Engineer: 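This structure is in structure tokens; I'll ask about it shortly.
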Amino acid sequence: MLSYLKKWGAPDLRHPVLDRDRLNRWYRQLLAVLLVLLVWLVSLWKLDRDASSWRDETVSYAVAKRSLGELWLLVQNIDAVHGLYYFLAHLVLGAWDDGVLTLRVLSALGTLTAVLGVHAIGSRLGDPATGFLAGVAFLCVPQVQFYAQEARSYALVSAAVVWATWFFVRALQDSRRRWWAGYAGLLLLSGWLHVFALLVILAHAVTLWRSGHMPRLGRRWLLGIAFAGCAVAPLAVVSAGQAPAQLDWLGRPSLQDWLGFVVPAVVAAALGLLLRRQDEGSARALTLPTTAVPLLIVPAGFLLTVSLVHPWYVDRYVLYCMSGLALLVGQALRHWQRILRAEADPARRRRRMYATAAVAFALFSALGPWYWQMRSPASRTDTVESYWGLTVTVPGAPEPVLFQPARRRAWVLARPAVFGPLDDIALQQTPAASGTLYGVEASPDVIRQRMLQHPEINVLRDRPGQPLDNTPAEITKREVLRRHYQLCWVIPVNGGESAIFIRRDAAATNPMCAPGRDIYS
């Protein structure tokens with residue numbers, strides 16, 4: 001056994017004086033390996049979500065399958081903020097194409113990288129055990145697990161921001177140029193993955209000020225963020241121009257949004273105050289709380305405030321903020337571990353350990369069903385696969401189909417072959433050819449004329465009660481259906497429905513439109 005441990009770099013325990021450096025290095029490596037295994041196990045658990053996907057993921061897949069020329073045309077028109085992610089996804093799918101599952105593996109790798117970054121920050125500002133506990137805490141955040149299995153960019157954005165923060169911490173501790181260069185480079189990468197990632201600069205500014213490093217290192221920090229800001233500025237300008245069309249579905253922050261921000265912020269502030277007393281040195285020194293509290297509060301708080309005027313806030317845009325909460329939880333758990341170890345009274349220590357186990361059991365009992373549910377198809381807004389079989393798939397005349405609203409065309413983008421030949425009534429130009437996400441639809445007059453040519457239309461649409469788009473094309477669709485067609489059959493599915501409309505002059509003789517018939521039967 002000793003020879004086996006020695007082979008892997010473990011210290012020789014037979015030696016009268018332990019090699020503490022080697023022992024500590026081996027201990028750190030063991031914790032990192034355990035963390036990697038844990039993240040990989042959790043991220044890959046039910047990664048296929050029962051062979052289901054939802055519309056945002058199908059957009060990622062369909063766009064990533066376009067040629068580089070088509071991708072370039074797209075980002076000039078819309079969704080430039082995700083352009084780099086689409087390019088990376090295009091390269092990954094070129095090497096291994098297993099549908100959206102491939103892109104979920106990419107997100108799982110991003111989550112692993114982010115967790116290791118949290119571990120590295122916790123180890124740098126605390127010790128290896130603090131880093132390990134912080135990494136586990138970050139992995140346990142429900143939003144982190146949600147986007148670890150999502151074919152979107154947010155896990156990769158979190159990874160880039162967390163490692164930018166690690167380089168920022170290293171630069172404050174050791175102001176050599178390589179740390180500032182790494183910091184600026186990772187900020188650049190973060191910004192190109194998503195412009196809102198650069199809001200982390202505001203958190204770093206607060207940390208720089210609170211730690212007392214602003215007079216000495218403020219100039220170097222400004223040079224680093226100026227470099228990253230200039231490099232990302234073209235994307236920011238283009239994205240700002242596209243924002244009205246791309247984010248028109250967003251409303252101002254809801255009560256749920258504010259609670260989702262305020263509750264963790266209050267917990268973080270309380271933990272920061274409690275833990276600050278445990279840090280050595282000046283209260284204004286670079287500590288884990290001075291790094292983590294702004295990281296959690298400042299970017300999300302700023303975006304929420306801006307969204308009162310320009311509704312741009314979605315929690316996933318600032319997912320990386322959860323790393324701040326995880327760092328504080330990791331340090332709090334480490335501090336509690338020290339308290340337990342220092343307790344001299346065996347009975348009191350035993351009671352505290354029982355209480356700790358009870359709290360942990362209650363916490364995971366509450367979160368466990370949540371973790372399970374987010375790995376089911378019902379955890380997403382819709383399920384694309386539920387629309388398979390709702391259109392005619394046999395060879396013959398294409399089935400007339402109408403999408404309400406037009407962006408619901410995403411349901412057929414990833415796997416158009418399974419829907420059979422479709423006559424997309426409103427479509428004027430395909431998504432790839434038009435350089436858009438969902439294609440360009442015809443004018444209202446053309447849509448009306450095309451609709452009236454068909455005695456029966458299969459409308460793939462949102463469920464009743466969803467907000468209605470008030471564009472001329474969508475108003476025309478609803479008006480023609482209301483005046484000239486009768487709803488005769490509805491097949492509800494997860495996130496939408498297939499509604500069969502029969503033209504009124506043919507409805508009287510159609511058995512599906514018989515008076516008194518339940519349209520859902």
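Remember, it's a predicted structure, so these values are computed and weren't measured experimentally. Side-chain atoms are counted along with the backbone in the values below, which use heavy atoms only and exclude waters and symmetry mates.
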Engineer: Is there a donor-acceptor contact under 3.5 Å from the side chain of Asp469 to the main chain of Thr471?
Structural biologist: no
Engineer: Looking only at the side chains, is there a donor atom on one of Ser43 and Gln149 sitting less than 3.5 Å from an acceptor on the other?
Structural biologist: no
Engineer: Do Arg104 and Glu57 sit within salt-bridge range, that is, some charged N less than 4.0 Å from a carboxylate O?
Structural biologist: yes
Engineer: Tell me whether the rings of Tyr154 and Tyr147 are parallel (<30°), tilted (30 to 60°) or perpendicular (>60°).
Structural biologist: perpendicular
Engineer: Check for a donor-acceptor pair, side chain of Thr207 on one end and backbone N or O of Ala203 on the other, with a separation under 3.5 Å.
Structural biologist: yes
Engineer: Going by atom types alone, do Trp221 and Tyr183 pair a side-chain donor with an acceptor below 3.5 Å?
Structural biologist: yes
Engineer: Does the cation-pi check pass for Arg380 over Phe146, that is, NZ or CZ under 6.0 Å from the six-membered ring centre and within 45° of its axis?
Structural biologist: yes
Engineer: Ignoring hydrogens and geometry beyond distance, is a side-chain donor-acceptor pair present between Ser498 and Asn458 at under 3.5 Å?
Structural biologist: yes
Engineer: Rounded to the nearest 0.5 Å, how far apart are CG of Leu402 and OH of Tyr485?
Structural biologist: 9.5 Å
Engineer: Under 3.5 Å, is there a donor on one side chain and an acceptor on the other for His484 and Asp505?
Structural biologist: no
Engineer: Between Lys477 and Glu441, is the closest basic N to carboxylate O distance under 4.0 Å?
Structural biologist: yes
Engineer: Measuring centre to centre across the rings, with the benzene-like ring taken for any Trp, is Trp166 within less than 6.0 Å of Trp179?
Structural biologist: yes
Engineer: Between Gln404 and Leu481, is any pair of side-chain heavy atoms under 4.5 Å apart?
Structural biologist: yes
Engineer: Between the side chains of Arg503 and Glu456, is the shortest nitrogen-to-carboxylate-oxygen separation below 4.0 Å, so that they form an ion pair?
Structural biologist: no
Engineer: Of all the heavy-atom pairs spanning Arg517 and Pro511, show the shortest one and how long it is.
Structural biologist: CD-O, 3.7 Å
Engineer: Answer whether the closest heavy-atom distance between the side chains of Glu474 and Leu468 falls below 4.5 Å.
Structural biologist: no
Engineer: Please tell me whether Asp382 and Trp411 have a donor and an acceptor in their side chains that are separated by less than 3.5 angstrom.
Structural biologist: yes
Engineer: Please determine, by modelled atom types, if Asn494 and Arg463 share a side-chain donor-acceptor pair under 3.5 angstrom.
Structural biologist: no
Engineer: Verify the distance criterion only: is there a donor paired with an acceptor across the side chains of Arg375 and Gln145 at less than 3.5 Å?
Structural biologist: yes
Engineer: How many angstroms lie between CG in Leu106 and CG in Leu101, if you round to the nearest 0.5 Å?
Structural biologist: 11.5 Å
Engineer: State whether Glu385 and Arg415 are salt-bridged, where the test is any N-O pair (Lys NZ or Arg NE/NH1/NH2 against Asp/Glu carboxylate O) under 4.0 Å.
Structural biologist: no
Engineer: Could you report the tightest heavy-atom contact between Ala184 and Phe227, atom names first, then the distance?
Structural biologist: CB-CD2, 3.8 Å
Engineer: Looking only at non-hydrogen atoms, find the nearest pair between Pro444 and Pro472 and report the distance.
Structural biologist: CG-CB, 3.7 Å
Engineer: How long is the gap from CG on Leu328 to CG on Leu296, to the nearest 0.5 Å?
Structural biologist: 7.5 Å
Engineer: I'd like to know if Asp257 pairs up with Arg252 as an ion pair, taking the criterion as any Lys NZ or Arg NE/NH1/NH2 lying under 4.0 Å from an Asp or Glu carboxylate oxygen.
Structural biologist: no
Engineer: Between Tyr61 and Asp56, do the side chains contain an N or O donor and an N or O acceptor separated by less than 3.5 Å?
Structural biologist: no
Engineer: Taking ring pair (Phe, Tyr, Trp, His ring centres under 6.0 Å) as the cut-off, I'd like each qualifying pair that reaches into residues 308-328, sequence neighbours left out, listed once.
Structural biologist: His194-Tyr317, Phe196-Tyr317, His310-Trp312
